[in-house]
Structure formats: C-alpha cells, structure tokens
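Working notes, beginning with the structure itself.
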Amino acid sequence: MRTATLFDSDAASYSGTVEVVGVIYKADDDGYAVLEVQEADSGEGFALVGPVAHLDAGDRAEVSGEWQTHSRYGRQLRAQGALPLDPADREGQVAYLTSLRHIGQKRAEALCDEHGEGVLQAIAADPQRVFGSLRGVNPDQAAAATQSWFASRAIRDLHVQLAPHGLAHLAAPIHARYGEKSTTILHEDPYRLTEVPGVGFARADKIALAADVPPESSRRAQAAALYALIEAEAQGNSYLPLEELSRRTGRLIGLAPDPDVLARAPGAVEEEGRIYRAGTLESERAVAATLAARVAAPPHLDHDPGEEPRDDLTDEQWAAVRAAFGTRISVLTGGPGVGKTKCTKEIVAEAEAANATIALCAPTGRAARRLEEATGHEAMTIHRLLEWMPGREPAFRPGRPLPAELVIVDESSMLNLRLIQVLLEGLAESTHVVFVGDADQLPPIGAGKPFEDLIASGAAPAVRLTQIFRQAARSMITTAAHEINHGRPPHLDPGPDQDHDFFFIERGTAERALETVVEVVAERAPGKFAVDPIREVQVLAPMYRGAVGIDALNERLQAELNPDGKPALNERFRIGDRLIQTRNSHELGLMNGSIVFLRADDPDEEAIVVDADDGGSLVIPYGETATLRLAYAISVHKAQGCEVPVVVGVCHRSHARMLTRPLLYTAITRARNSCVLVGDRASLAAAVRRDDGGGRHSGLAERLRASR
C-alpha cells in the first residue's frame, strides 16, 4: 500500500486534507456516513464513506483510507481515519463558533472581526476573557460559552484517540457521560464505556484488546458477563441462570468462559445457580420482604364496607372493595370493560367515608390524568407523589413516609422491580396499598414483573374481574381484546347491536401497508371520526426499522400531516410536530413517554416551546432536546398507560418476530373510541397464538410463596 494524491490512478490508498461539502447519508447508530468532500489543495471532489458521522458540512478533516469502486456509485474513499481540523477560513470559523453556547451568527462574526485569522488561538489563550468582552454577553453566558469551548476541544482530543478504532463518532456521547474523566476511563477502564448508549460490549472490547487486555483474561470475561446481565435486565429479567449467562458471555467474547469466573464477576452475586447484579438482588429481596410483612400484618384502617355490594357493584367488584380495607396489600385486575374503574371509584368513596387520607398514583403522567378524571380525586405520577428525582433520594423514603393511609396504584402492570421498591419504601408500614392493572398487558420496561409475580404467588388477596358489562360489550374493541386474550382471532365484523369501532385492513406488502396507514391517519380518520390527525390519532408499530417501521412511518406522516411546518432545531423537526420524550427529565417535569407538540423555536434563547398533551406549555433548552423524537408513530411499549381517541396499529408479516398476543392486546386497548389495524390476517392469527408475555427470569413470586 502506498499513499498518493487524489488523482494517482495507480494508488490504492490516500491521505490528505478535505472539507465536507455535504452529507449524503448518516446512520443513526453505528457512525457510518456517506459524505461529499472536496480536497483542500486541488478542490476536486469525491465521496467519503465509513465511520465518519462525526463530521458535518463545513468541517475540515485529515482523512486516510483506501479507494474502492462501488457498483452503483463509482469510485469512493473508504475512510480508515478522519481527524477533525480547525477551520482555516472565516466562513468555517464563524460556523464553528456558532456551535458554542450563546455565540450566534452576529457574535461569531464580531469575534472574527476583532481577532482575524487567529480567532481560535485567541480564544484558546483565554476563553472567559474573549467571550466576556462581547457586547451583550453577561458573566453567566460567558461562563457557559467557555464551558462549551472546553467541551468542544476535549471532544476533538477524544476523536484523535478513538479514530484508530473507528469509533470517533462516539467522542461526543462519551464526553457527555464522563466529562473530564473520559480520557482516563478510555485508557484505564474501557469496559465502562458500555454505560454510554451506542457503545456496546463489542466496541468497548475492541478498545480494551487494543490496549493489550488478553482475550482469555478473567477481566474480559467478567466484563462481558456483567454486560450480559445488564442486557438481560433491559429485556426484563431480574437474573440469569449461570448456564444461560455462560452462553451469552461466550457469544460476546468468542470463547467458552469458566462459569466460576463469571459467578465472581465484580458487581455480580450468585444465589443457587442464579446470577444477579448485586443491586437487583437487593431490590428483589427488599420488595419480597416488604410485601410479605405487610400482607401478614393486620389491617390498619378501621373500616368495614359491609357484606352486601352497593351502587350496583357485582360480588367480585365488592370483594375487591372489601380487600382494600381488609388487608394492607391487595390486587385488582381484569381486562377492558369489566369495571375496574367503577370499582376503583368505590374504593375512593369508601375511604373518604372513613375519613382516611388517600393518594392516587400511576407510573406515567397520562395514566395519572386518566385516573384523576375517572375518580374525581387528585392523582399524580409515582415520582411526583414521592417527590423523587432519580439520582437523588425521594423526599418520602424509609424513616419519612408519605402521610397517606390508603394508596391506589393504577396501571400496576407497568411497575418494574426498582419502581415498586422505591414506592413501597416511601410508604408507611401501616399504609393500605391497592395495586390496580391489567395483568395481560405487556410486562414493564426494565427488570422484573412484580405485578404478575404478586398475583402468581397468591401471597395477597387478588380479585380478577371477568364480567364484561353490557355497555362495554357493545364495543368491538372490548370484545376483540378479550378474544385475543383468550387466544382467539378477533371477529372483524360487528355482531348484533355492536358499534363498529374496530377495523382490519388487509395489505399484503409492506409498501402498501405504509401507504394505507398514512391514508387512514391523514384522510379516513379525520373524515370518519372527526378527529385531529396530529393530536388525536396515534400510530403504533412493533419495530423501528423496515418499510413499515416506526422510523419510516414518522418520516411519511410528518411529510403528509405537517408539510409546511417551519424547520426547527437545526431541521431535526418542524413547528407543529408531534414529539415524544424518550427519557425521564424530572427537572423539566417531562417523563419518558410524554407526548408534546412543538410550538416555537427560539435560537437566540437556545430553547423550544412545546405544548403538553394536558394543555400546558413548557420551555425546553436546546441541551435537553436530544431525547425528543417524532411521535406520529411510536412503539406499543411507549404507549403503555395512555389512551387516545383513535389507534392505528401495524400488524404486518414484516414485523412477525415482534408480534405477540400481549403486544397486540396492549395496542388495541390503547384506543378509546376507534382502532384500525393494517396488515395481513396470517400475521394477526400468528400474533394471537404467540403468548410470549411471561418468559422473564424473576425470583419474586418464589420468594413471596416461601414467605406464606
């Protein structure tokens, strides 16, 4: 191999300085990009492909790579390295400076006017002084600009160190996670990089092996085992059997690991052949002990609702009301249309009659609002109830319990192990807790399935409502949900006296399914159901990728529903877009799964304004917007706890591996008024047969049974 100039046709490789003219393609997850670049010396252009997603239009970089000829796109350079360089011309310097906080176009130009070609060197010498000298910049803004400058330079240093591994695109997220410790972690503990979204074990392992960590070392195997446990928890497991952990670890490192070495991994604990992360085992034990102790204790509330049902409640509904006062822990479950809401209202009424202090809560804001609307009593999220911001202790915790004598927790199927632990720890031992939810919905996101385990253990009184009331039975949505839950394909034609509120549209190809979903949302639903297609229709799909996946749906629906929206946030979104928050942000009061609507973008204030789905508005700084995504289409998991007027669901063979009975059941039961499924009947039938809801490794039910 030899290095050569751009037009040495005999050369296999190239190195030189280029400027990025445009971005042809960027992948979301692996740093791959196709860029249109121009050689600095000759001005000639060519395509640069490979792990170069850290470069943007206007950037200069020192690149190296090998020439290749693509069958469709012709000659292009496959990058092996792409080191960002400071811009050399005024236009590039202005563009670079505008990326810093509080330095807009005018201020960037003013800096270039004052300091000339050496503007970046002048800033590097004393950034606080240079930024503070700008007209209109106050001390706080100068400090923020300085911090932004140092972060930018640190990220460039990380680029240099990560580039040999093809991981330069991860410099920014690594710095965001570890700050000034990034370089130390990179060199001394590279496996910690798996804590950064997008890194994964394979990438951290590549860096570690390059730093001479032996492939067969215990350190490598244990790091892989811990990563496997973290992945397993993300899939819902509380632990992995040692044999399964060994298999998963072996796939990660390409070697058969010693099981004894894995069981001794730092941060892991073995219990009778089960390997937990230490914190997860502690949570499971704590939840089991707390529930068992409170079930065994006598009731604290001195109130007897009586033997006979009141207010037209059925015997099974009345049993749930009595259980709420007869024991400190009770469960109310059942599908749609069986009267859980009416039963919950009666529990609230009885508690008020007993002058008991009551608190109502749910895992999500949307579920809490529905609970409040249904009962007429204030309800809030669990985090707000406990005044809990992750990373800090809840205000209500052991030794300082919430002053409530009865707590009703709605949508309890969404509780994972950690959330139920913090909730129980924030309540007094004497508090009566009623867990309400639909046990047949999707299990929670995160480790554990405590609602299901509590029911399965038989440790606490659990009432399952089964009678579908006449008014609810008029809805095809209700009957379809119950048919699916019993393993039967739903009827697609209304029965006598039924409302035709459930529809299935047969579409064989993914492309036709996509076109039909867009047509239903943009045209049919507004015409037939008189709804706002952006605010009152929600598309649900099982997968993000593919021709009819969430990403493709969002792109098409945005173009169809909001074609004239003004570009916002550097063209990521448009004014008027429907967005979803994908991580909890307690500082903003914006939780994972919250739906908002983009109303305004203010580059000068570096913030956007959104309308929340409860009618309020919120100002979000640019720095807090990375976890917002388009939400014309979202996953069924993200829709848990919500209810919308019209649901349009994808049930197509291209999503076959993700289609299950609990997922389909959950999707349908999100619809308040109408549900439209688009796909093929074979996939609908297969999803109904595939009951994959309970395959999680959890020890909670066993611990609860042992305590009886």
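Scope of the values below: all heavy atoms of this structure, side chains included, with no hydrogens, waters or symmetry mates. Throughout, numbering of the chain's residues begins at 1 and tracks the sequence. Model, not experiment: these values are computed from the prediction.
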Donor-acceptor contact below 3.5 Å, side chain Arg653 vs main chain Ser683
no
Under the rule for salt bridge (Lys or Arg N to Asp or Glu O under 4.0 Å), what residues qualify as partners of Glu114, not counting sequence neighbours?
none
Heavy-atom closest pair (Thr249 atom, Ala221 atom, distance to 0.1 Å) is CG2-O, 3.6 Å
Enumerate donor-acceptor pairs with a distance under 3.5 Å from any side-chain N or O in residues 141-148 to protein atoms, sequence neighbours excluded.
| residue | atom | partner | partner atom | Å |
| --- | --- | --- | --- | --- |
| Gln141 | OE1 | Asn138 | N | 3.2 |
| Thr146 | OG1 | Gln128 | OE1 | 3.3 |
| Thr146 | OG1 | Ala142 | O | 2.8 |
| Ser148 | OG | Arg101 | N | 3.4 |

When you compare the side chain of Val650 with that of Val678, does any pair of heavy atoms fall below 4.5 Å?
no
Euclidean distance, Tyr632 OH relative to Leu579 CG, rounded to 0.5 Å
7.5 Å
Between Leu77 and Val18, is there a side-chain heavy-atom distance shorter than 4.5 Å?
no
Would you please indicate if the ring centroids of Phe46 and Tyr14 are separated by under 6.0 Å?
yes
What one should report as the nearest heavy-atom pair of Val94 and Ala108 is O-CB, 3.8 Å
Please list, chain by chain and in numerical order, all residues satisfying salt bridge (Lys or Arg N to Asp or Glu O under 4.0 Å) with Arg177, sequence neighbours excluded.
Glu195
Would a 4.5 Å heavy-atom cut-off, applied to side chains only, mark Val518 and Leu561 as touching?
no
Could you check whether any side-chain heavy atom of His187 comes within less than 4.5 Å of a side-chain heavy atom of Ile207, counting everything from C-beta outward?
no
Of all the heavy-atom pairs spanning Leu659 and Ala687, show the shortest one and how long it is.
CB-CB, 3.8 Å
The test is side-chain contact (heavy atoms from CB on, under 4.5 Å); show your working for Val521 and Leu557 and say whether it passes.
CA-CA 8 Å; Val521 175; Leu557 288 166; 3.9 Å; yes
Identified side chain to side chain donor-acceptor pair (under 3.5 Å) partner of Glu233 from the options His697, Arg277, Arg696:
Arg277
Please determine whether the number of non-hydrogen atoms from other residues, nucleotides or ligands lying under 6.0 Å from atom CD of Glu519 exceeds 12.
yes
Under the side-chain contact (heavy atoms from CB on, under 4.5 Å) rule, what do Ile103 and Leu111 come out as? Steps first, then yes or no, please.
CA-CA 9 Å; Ile103 306 297; Leu111 286 169; 4.3 Å; yes
Under a 4.5 Å cut-off applied to non-hydrogen side-chain atoms, are Phe573 and Leu628 in contact?
yes
Sequence neighbours excluded, which residues qualify as side chain to side chain donor-acceptor pair (under 3.5 Å) partners of Gln235?
Arg248
Those residues that, when tested against Glu515, pass salt bridge (Lys or Arg N to Asp or Glu O under 4.0 Å) (two or more places apart):
Arg556
Closest approach of Ala61 to Leu55 (non-hydrogen atoms, all atoms of both residues)
CB-CD1, 3.9 Å
Considering residues, nucleotides and ligands other than Gln38, do more than 12 of their heavy atoms fall under 6.0 Å from its CD?
yes
Smallest heavy-atom separation, Gln93 atom then Gly116 atom, equals OE1-O, 4.2 Å
Interatomic distance, CZ@Arg78 vs CD@Glu66, rounded to 0.5 Å, equals 10.0 Å
Calculate, to the nearest 0.5 Å, the distance between atoms CZ and CG belonging to Arg690 and Leu663 respectively.
10.0 Å
Distance in Å, Leu553 CG paired with Glu560 CD, rounded so as to fall on 0.5 Å steps:
12.5 Å
Run Phe201 and Tyr191 through ring-ring contact (aromatic ring centres under 6.0 Å, His included) and show every step you take.
CA-CA 7 Å; Phe201 180 81; Tyr191 289 112; 5.6 Å; yes
How far apart are the C-alpha atoms of Tyr622 and Asp601, what are their side-chain angles, what is the distance that settles it, and do they pass the side-chain hydrogen bond (donor to acceptor under 3.5 Å, both in side chains) test?
CA-CA 9 Å; Tyr622 279 177; Asp601 180 19; 2.6 Å; yes
Are a donor atom and an acceptor atom from the side chains of Thr98 and Gln105 found within less than 3.5 Å of each other?
no
Salt bridge (Lys or Arg N to Asp or Glu O under 4.0 Å) involving Arg574 - partner list, sequence neighbours excluded:
none
Should Lys638 and Thr582 be marked as a side-chain contact (heavy atoms from CB on, under 4.5 Å) after you check the CA-CA gap, both sets of side-chain angles, and the distance that decides it?
CA-CA 8 Å; Lys638 290 291 186 188; Thr582 58; 4.2 Å; yes
In sequence, state the C-alpha distance, the side-chain angles, and the governing distance for Thr516 and Arg507, and then conclude on side-chain hydrogen bond (donor to acceptor under 3.5 Å, both in side chains).
CA-CA 8 Å; Thr516 300; Arg507 291 293 181 265; 2.6 Å; yes
Pair Ser654-His652, side-chain donor/acceptor within less than 3.5 Å:
yes
Any side-chain to backbone donor/acceptor pair from Asn237 onto Leu240? Under 3.5 Å, distance only.
no
Please step through salt bridge (Lys or Arg N to Asp or Glu O under 4.0 Å) for the pair Arg90 and Asp113, ending with a clear verdict.
CA-CA 9 Å; Arg90 177 187 171 91; Asp113 289 340; 2.9 Å; yes
Given Glu36 and Leu48, is the side-chain contact (heavy atoms from CB on, under 4.5 Å) satisfied, shown in steps?
CA-CA 6 Å; Glu36 181 183 357; Leu48 181 69; over 6 Å; no
Spatial distance of atom OG1 (Thr625) from atom CG (Leu569) [nearest 0.5 Å]:
4.5 Å
Using only atom types and a distance under 3.5 Å, with no angle test, would you say the side chain of Arg512 pairs donor to acceptor with the backbone of Gly508?
no
Does any non-hydrogen side-chain atom of Leu630 lie less than 4.5 Å from one of Gln558?
yes
Please name the pair of heavy atoms, one in Arg219 and one in Pro190, separated by the smallest distance, quoted to 0.1 Å.
NH2-CD, 3.6 Å
Between the CG atom in Asp258 and the OG atom in Ser246, the distance rounded to the nearest 0.5 Å is 8.5 Å
Ser182 vs Ile174 side-chain heavy atoms within contact, under 4.5 Å:
yes
Does Leu97 reach the side chain of Cys112, with side-chain heavy atoms less than 4.5 Å apart?
yes
After noting the C-alpha distance and the side-chain angles of Thr627 and Gln581, does the key distance pass the side-chain hydrogen bond (donor to acceptor under 3.5 Å, both in side chains) rule?
CA-CA 6 Å; Thr627 51; Gln581 173 74 0; 3.0 Å; yes
salt_bridge(Arg545, Asp551) N-O dist < 4.0 Å
no
